[in-house]
Amino acid sequence: MYKRQSTTSAAGFTAKAPSPPEPRSSAARQAAQRALDALAGHAGEVRAGDGQAFKVVRVLLDRDGASHTRMTRTYDGLPVLGGDIVVHQSASGAWRGSSGALAGRPAASRPEVGAATAEKRAVAGQRKAEGSPVLVVEARTADHRPRLAWRVQTVGRQAGGTPSRVLTSVDAATGKVLLREEMIRTEAGDGKSLYTGTVPLETTRSGGTYQLKDPSRGGTYTGDAENETDLCVLVWCLRRAPATVFTDADNHWGSGTTANRATVAVDAQFGTSMTWDFYKKVFGRSGINGDGKGSFNRVHYGDGYANAFWDDSCFCMTYGDGDGTNLGPLTSLDVAAHEMSHGVTSATANLTYSGEPGGLNEATSDIMAAAVEFYAGNPADAGDYLVGEEVVLPGFGRRALRFMDRPSRDGSSHDAWSAETKNVDVHYSSGVANHFFYLLAEGSGAKTINGVAYDSPTSNGSTVKGIGRDAATRIWYRALTTYMTSSTDYKAARVATLAAAKDLHGAGSTQYTTVAAAWSAVNVG
């Protein structure tokens, strides 16, 4: 049998998968040893032979002392996939049989197909290989016959956007693909949302029902606040509204109307999923804190509550149902991304939520929300530079909550910096940074994007040519996470974004000079 030189590839994938803990109790250890000792006398039944080794991974003890010892198997140091067995013994150690499906003993062989060829056979579609192929003995095929195989790891995305990590076994003798195994295991559901049509959802099966909880994104879930509110005094909360996780019998959620309480939960869950994916794919950030841990959503908060918020203390996003006249449920994609991005700001620059830092805090959430909308590419809610356009109702009197190309269109936001900027509400002082970002990404003047008409002025009469949304977003994110602090004001934000542009593109780059020009166009600098 050909022996590989190392069990671990450059990507960290180990062919011998980590095993559960060894049996700990004395009774379990004794049962494990009895099972190992018994193998020699039952080699034919368990297909044991020369070159093989067994490892106990778990012992189950019945009340009467009978034991069931689970083992994995290797052959000449290679893991035998599908060669695991369970040995059944009485309390006294008498053999009661074994469970396992191996059709024969592994036999010595050498790979006739090279690792590079196996990798080519394993890669399909838009997938790419990760790490190096490793040799295994594959016995999980329909005939359960052990074959020497190359195991190749590939990564990509599943239908609906779920991350995908597939392990493919390629016959080392023929080059035939023997088996593909998806390692990201979720329940694929779907939901009829209020704002974004029918969307895919990753859920968790619990008994005979499904939970609106996403195991592939840190366990992020959406719960029902049951129209209750938090009772808080200063920083102390005496009572919190619930977050009862939504459940469903058939994994098809919502109805597309507010008559079904799960409908807006679909919007919130989808919004946080897209925001998670955006930060992960674009910046390599896994979750709000960057630690892979999920947060949670509360929908149906209060009675007629026409707002949404992020709360550090519960690490959660909360959404009201709106007042029914001016605003509908505040669970649209950009609102969800906005609130989740407040958490990212809190975990990084922690911009103080007042004055100019507060305006930058709000603007960061608007900027990232716009980026998430474009990233999601949802035809029912195409990317734009409008904030909350989906949630406004006819009674509101305008098309959106805020407008990034000309913030003053909302009647209160600042298009450019002035000495009064620090004194206005943070949702209005954010206009300066929102306008800067729009100019940096798209440039000044009139244009139409995804069917929305924009006409962005400059305070100094200059003409700004945008550098593109992706470059602008990356510069803002680096400035936020690397250079901004809790007290960053607009002057310091100019310095921070210039430093970020220099890091990413160089001091003499078009991106760097455009950052400076866009700030000047909003009277900062």
Using distance alone, with no hydrogens and no angle criterion, decide if Tyr221 and Gln269 have a side-chain donor and acceptor under 3.5 Å apart. no
Do Arg285 and Thr348 pair up side chain to side chain, a donor and an acceptor below 3.5 Å, judged on atom types alone? no
Taking only residues two or more places apart in sequence, or in another chain, which ones meet Phe246 in a ring-ring contact (aromatic ring centres under 6.0 Å, His included)? none
Can a side-chain donor-acceptor contact be found between Tyr279 and Ser341 if the only test is distance below 3.5 angstrom? yes
Flag for Asn251-Thr203: side-chain donor and acceptor within less than 3.5 Å: yes
Side chains of Thr497 and Trp519: any donor to acceptor distance under 3.5 Å? yes
Those residues that, when tested against Arg409, pass side chain to side chain contact (heavy atoms under 4.5 Å, CB included) (two or more places apart): Phe403, Asp405, Arg406
With a 4.5 Å limit on heavy-atom distance, are the side chains of Asn450 and Glu373 in contact? no
I'd like to check the side chain to side chain contact (heavy atoms under 4.5 Å, CB included) partners of Ala336; sequence neighbours left out, ordered by chain and number. Tyr319
Quick check on the 6.0 Å ring-centre criterion: do Tyr490 and Phe436 meet it? no
Assess, by modelled atom type and distance only, whether the side chains of Ser313 and Asp311 contain a donor and an acceptor separated by less than 3.5 Å. yes
What residues form a ring-ring contact (aromatic ring centres under 6.0 Å, His included) with Phe396, not counting sequence neighbours? none
Within the 3.5 Å criterion, strictly below it, is a donor on Asn523 or Ser459 matched to an acceptor on the partner's side chain? no
Partners of Ala492 by side chain to side chain contact (heavy atoms under 4.5 Å, CB included), sequence neighbours excluded? Thr488, Asp489
Would you say CZ of Arg180 has more than 12 non-hydrogen atoms from neighbouring residues, nucleotides or ligands within 6.0 angstrom? yes
Return a table of donor-acceptor pairs under 3.5 angstrom between the side chains of residues 379-390 and protein atoms on other chains or two or more places apart.
{"unit_1": "Asp384", "atom_1": "OD1", "unit_2": "Leu386", "atom_2": "N", "d": "3.0"}
{"unit_1": "Tyr385", "atom_1": "OH", "unit_2": "Glu442", "atom_2": "OE2", "d": "2.5"}

Examine the side chains of Asp190 and Thr198 and answer whether a donor and an acceptor come within less than 3.5 Å of each other. no
